[in-house]
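Keep in mind that the numbers below use all heavy atoms, side chains included, and drop hydrogens, waters and symmetry copies.
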Amino acid sequence: MSTRVFLELLAREASAAEFEGPVLAARAAGADAATLAELEEAKLAALRVRALLRRRARREAELSALFDTAGDLAGLRDLDAVLEAIVRRARQLLGTDAAYMTLHDPERGDTWMRVTDGSVSAKFRALRLAMGAGLGGLVAQTATPYSTADYFADERFRHKADIDEAVIEEGLVAILGVPLKLGTRVIGVLFAANRSVRPFTQDEVVLLGSLAAHAAVAIDNARLLQETRNALEELSEANLQASARSSAVERAALAHDRMAGLVLRGGGIEDVAAVVTEVLGGALVVLDDAGRPIAGDAAELEAGLPARGPGSRSGNTGEGTGRGGGGGRRGRATVAAVVAEAARSSRALGRTVRRGNLLVASVDVGAEPLCTLVLRAEERVADTDQRILERAALVTALLLLFRRTVAEAEGRVRGELLDDLISRPALDGLAERARRVGVELDDAHVVVVARHGEGRERAGFWASSQAALNHGLAAQRGDEVVLLLPGDDPGKLARRVAAELSASLGHPATAGACGPVRGPAGVGAAHREARRCADALIALGRAGDGASAAELGFVGLLVGEGRDLEAFLSSTLGPVLDYDARRGTALVRTLTAYFGTKGSLSRTAEALHIHVNTVTQRLERVAQLLGPGWQAPDRALEVQLALRLHRLSGR
């Protein structure tokens, strides 16, 4: 009972003093010593919980404020607004009467008041602090946070009359100051101050320091923005070549940002190539370490090969062989020879190499080639724009390295383990191997088989990521990925996998699921059932959807691989479907209700809200369309099955 009283106090966020109430009431009621001791212990535990909740709430508010501040910096348009927001948040989070910021004036060698919040004194807002004078001057001089619970009683600071007068006029007593630093250089001080005696905790010093770091970044960003504006103003009178170069630099930065964003969102090599061709034009082919195309069409490069003629140098044109007699016709070097030579030169120089209309950028790791980007450009690409191709090559190399690492790790550990669970469930040590990668096989799991068609590499990467994030397993098998994921709702998991994998690939992926299973023994059977379920969905015309074997029931057995759903529906129910489609009637709906009521005409009429005679007339029409024996047991079962398939396929 004592615990419940204190829980109720916690639930309504009572003050600390109210937690004494139950103890006092028990003492007044004459409770024995054991009861009072129990209440006292419960009270102390509740107060500790209350303090923890308050600390966490405050920490959440602090993190939210820092997040908001970072957002302000990301969309920085007005430096004054950002600095005012930082000072205001400092005052709110620390719960002080005032907060303010001073900045260093390099011309006068002192600091001046930049932003205030909660200040009421004009003299204080116009205050300037000499280096080393007052608390703020000491912080600026030493680049170290300082705080005082009672400023005027603190002899650590060099007090000056004008500063003390301004502080007295503002009514400040307790002051905390932290430096605003760019590198090792102090550019100002951020303060939080109270009009009564108050010590500042270490957590408050750290929090104010974080806000000061954001403020320093904002100031530096504003400086950089202003310098950029000044540079652009100076370039406004420059010639067309300088203007074109500036535009190329902006394009390169934009392209780099887009490529980085694609990588962060899980994009692939094809997405990076699309950015390059969108910005530079032409046709791009990405080659692997063996010179094989992994993105783009190598045939696109033929038109960009340089011709070999009299006086041409192999260093520029690659090796080629002239054709025919007379020496008037020029042959072309092969794609492989030109690109291979250019790739070697690019790796040696660390730059893009031009060969005719081809631009080649190649990246190696440990003296071994990793990837090569070849761009056939219809128009000449400026040197600055070639940096875009070089950045794309680096991003592609990072993607390949990352995917190679992930694929190898996941293939060796999670993929091999899942393969063993499917094909060799009796193998010793499976549970221990699973436990090493964070998978507890005795817990409930669902086996999901996702058919994805194209995009094998991306599908495998996506499945490996999902398995790692959800403490599951994944394996790539041909045009499908298999996942073993924690859970007990196979239908829900199948639909989520189908939706997310479809979004990642950009085309439909169909997922069948079975479960839950516990332990290694049931994984193989669940995998087979999940495959049949995926086959059933595809046969039902529900590509891109997901479902469990239980949701399809016996339908999965009928419409598995090799079954012709359309032929079955047409032969069994086709005349009725066609009649409804032509006449707009409801014969299919009537049949469904009729079988659902076990052949009762009256209950069918009630279910459809029509007269019994109407039901009879509709069934007579069905008999004309399907033949007089449609209600015989075998035939009726086929009709009911066709109705179920028709409903599941969403027709």
Side-chain angles (χ1 to χ4, degrees), residues 62-63 65-91 93-94 96 98-117 127-149 151 154-160 163 167 172 174-193 199-231 253:
E62 294 171 356
L63 292 174
L66 292 174
F67 180 83
D68 292 341
T69 302
D72 290 343
L73 295 180
L76 179 63
R77 295 294 182 271
D78 184 348
L79 177 62
D80 289 339
V82 174
L83 295 183
E84 287 170 4
I86 291 173
V87 171
R88 183 170 60 254
R89 286 171 186 148
R91 180 187 174 196
L93 289 175
L94 272 69
T96 56
Y100 50 99
M101 180 189 299
T102 61
L103 294 183
H104 178 60
D105 186 341
E107 294 182 1
R108 298 180 54 170
D110 61 0
T111 61
W112 58 286
M113 198 70 69
R114 179 67 169 82
V115 183
T116 64
D117 187 74
L127 186 64
R128 301 186 74 94
L129 303 176
M131 298 297 288
L135 184 148
L138 184 60
V139 172
Q141 186 179 54
T142 62
T144 304
Y146 277 88
S147 67
T148 177
Y151 178 81
D154 199 330
E155 298 299 327
R156 291 179 300 166
F157 317 116
R158 180 160 57 90
H159 291 269
K160 292 188 65 177
I163 298 176
V167 174
L172 301 181
I175 304 174
L176 166 63
V178 297
L180 277 71
K181 296 195 296 185
L182 286 176
T184 59
R185 182 167 57 92
V186 177
I187 63 172
V189 181
L190 178 61
F191 299 86
F200 291 94
T201 66
Q202 185 62 33
D203 287 344
E204 291 173 327
V205 175
V206 172
L207 173 59
L208 194 63
S210 298
L211 291 170
H214 282 86
V217 171
I219 293 169
D220 194 50
N221 283 349
R223 177 186 63 81
L224 293 174
L225 285 173
Q226 187 57 48
E227 290 177 358
T228 302
R229 293 190 187 100
N230 293 340

Full working for side-chain contact (heavy atoms from CB on, under 4.5 Å) between Arg128 and Arg108: CA-CA 10 Å; Arg128 301 186 74 94; Arg108 298 180 54 170; 3.3 Å; yes

Shortest non-hydrogen contact between Met113 and Thr116, atoms and distance: CG-CG2, 3.5 Å

Between CD1 on residue Ile219 and CG on residue Leu224, distance to nearest 0.5 Å: 12.0 Å

Sequence neighbours excluded, every pair satisfying salt bridge (Lys or Arg N to Asp or Glu O under 4.0 Å) that has a member inside residues 135-149: none

Exercise: identify the closest heavy-atom pair between Ala90 and Ala99: CB-CB, 4.5 Å

Positive for side-chain contact (heavy atoms from CB on, under 4.5 Å) with Pro145, one of Leu208, Val205, Val206: Val205

Trace of the side-chain contact (heavy atoms from CB on, under 4.5 Å) decision for Ile175 with Asp154: CA-CA 11 Å; Ile175 304 174; Asp154 199 330; over 6 Å; no

Closest non-hydrogen atom pair, Ala215 against Leu180: CB-CD2, 3.9 Å

From OG1 (Thr96) to CG (Asp117), nearest 0.5 Å: 8.5 Å

For the student: nearest non-hydrogen atoms of Val139 and Gly177, plus distance: CG2-O, 3.7 Å

Leu207 side, atom CG; Leu93 side, atom CG - distance, nearest 0.5 Å: 5.5 Å

Gap between atom CD1 of Ile187 and atom OG1 of Thr111 - 0.5 Å precision: 12.0 Å

Note, Asp80 side chain near Arg114 side chain (heavy atom, < 4.5 Å): yes

Atom pair CD (Gln141) and CZ (Arg158), whose distance is rounded to the nearest 0.5 Å: 7.5 Å

Validation row: Val189, Leu135 side chains within 4.5 angstrom (heavy atoms): no

Exam field: side chain Thr144 to backbone Thr142, donor-acceptor pair closer than 3.5 Å: yes

Shortest non-hydrogen separation from Gly134 to Tyr151 and the atoms involved: CA-OH, 3.6 Å

Minimal non-hydrogen separation, Pro199 against Glu204, with atom names: O-OE1, 4.2 Å

Straight-line distance of Gln202 CD to Ser147 OG, nearest 0.5 Å: 8.5 Å

Aromatic plane relationship, Phe191 with Tyr100 - under 30° parallel, 30 to 60° tilted, over 60° perpendicular: parallel

Side-chain heavy atoms of Leu190 within contact of Leu211, under 4.5 Å: yes

Salt bridge (Lys or Arg N to Asp or Glu O under 4.0 Å) assessment of Lys181 paired with Asp220: CA-CA 10 Å; Lys181 296 195 296 185; Asp220 194 50; over 6 Å; no

